[in-house]
Amino acid sequence: MVAVIMGSKSDWELMKHCCDVLTQFGVPHEKRVLSAHRTPHATAEFISGAEQRGVKIIIAAAGGAAHLAGVAAAHTLLPVLGVPMESASLKGMDSLLSTVQMPGGIPVGTLAIGKPGAINAALLAVAILALSDTGLHKKLEAYRAAQTEKILNESL
Ligand code: RP5
């Protein structure tokens with residue numbers, strides 16, 4: 001199972017693309033709005049209990065002073081993938097730097113800003129899970145092959 005958390009309901013517009021990909025691959029996932037700054041205790045509790053609930057990977061999305069992925073990583077040994085959300089003021093550059101610049105010792109695998117990052121977080125989670133799941137590995141192979149086919153068949 002994958003846990004997808006986001007700092008605000010407004011992040012759902014982008015993060016639904018992440019959940020769509022997980023659904024497409026048949027990967028079960030739970031999703032929650034949790035804020036690093038506004039619900040710090042609930043965030044810590046949710047993340048601390050994740051491994052026991054069967055979660056294997058956490059995907060955390062936030063914008064602005066985007067500390068959600070880092071805070072999540074501080075509370076678990078599970079891999080944490082961070083997705084910087086596009087922000088109104090700085091177009092997501094603030095979110096990117098807040099998410100990616102972790103101190104050595106607490107890693108967050110940071111993806112691209114916005115929709116590509118949301119999609120790729122799901123695909124990276126699938127790739128990690130596929131290391132020990134041959135069915136998922138085959139689905140990922142088929143996904144890549146279909147993508148290659150689509151590009152090669154594009155006419156101008
Ligand atoms: C929203 O505030 C953003 O998109 C973001 O996810 C959230 C960050 O919340 P805090 O963790 O800073 O409270 O506008």
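In listed order, ligands and their atoms are each counted from 1. Keep in mind that what you see is a predicted model, and the values were worked out from it rather than measured. In this chain, residues are counted from 1 in sequence order.
Of all the listed residues (Pro40, Ala36, Ala66, Ser10), Ala36 holds the heavy atom that lies closest to atom 11 (O) of ligand 1.
At the top of the distance list for atom 3 (C) of ligand 1, counting protein heavy atoms only, stands Gly63 N, 3.6 Å. The closest protein non-hydrogen atom to atom 14 (O) of ligand 1 is Ser8 CB, 4.5 Å. In this structure, atom 12 (O) of ligand 1 lies nearest to the protein heavy atom His37 ND1, 2.5 Å.
Note on ligand 1: Asp11 sits in its first shell, one or more heavy atoms being nearer than 4.0 Å. For Arg38, the closest heavy-atom approach to ligand 1 falls below 4.0 Å.
Dense packing is recorded around CD of Glu30, with more than 12 heavy atoms of other residues, nucleotides or ligands lying under 6.0 Å away. Around CG of Leu77, the count of heavy atoms belonging to other residues, nucleotides or ligands within 6.0 Å does not exceed 12. In this structure, His75 places its NE2 atom where more than 12 heavy-atom neighbours from other residues, nucleotides or ligands lie under 6.0 Å away. The number of heavy-atom neighbours closer than 6.0 Å to NZ of Lys16, taken from other residues, nucleotides and ligands shown, is above 12.
The shortest N or O to N or O distance between Ser35 and ligand 1 is under 3.5 Å. At under 3.5 Å, not a single nitrogen or oxygen of Ala62, backbone or side chain, sits near a nitrogen or oxygen of ligand 1.
There is a path of hydrophobic side-chain contacts, each under 4.5 Å, that joins Phe25 to Ile59.
Looking at Ser89 and Ser87, their side chains never bring a donor and an acceptor atom within 3.5 Å of each other.
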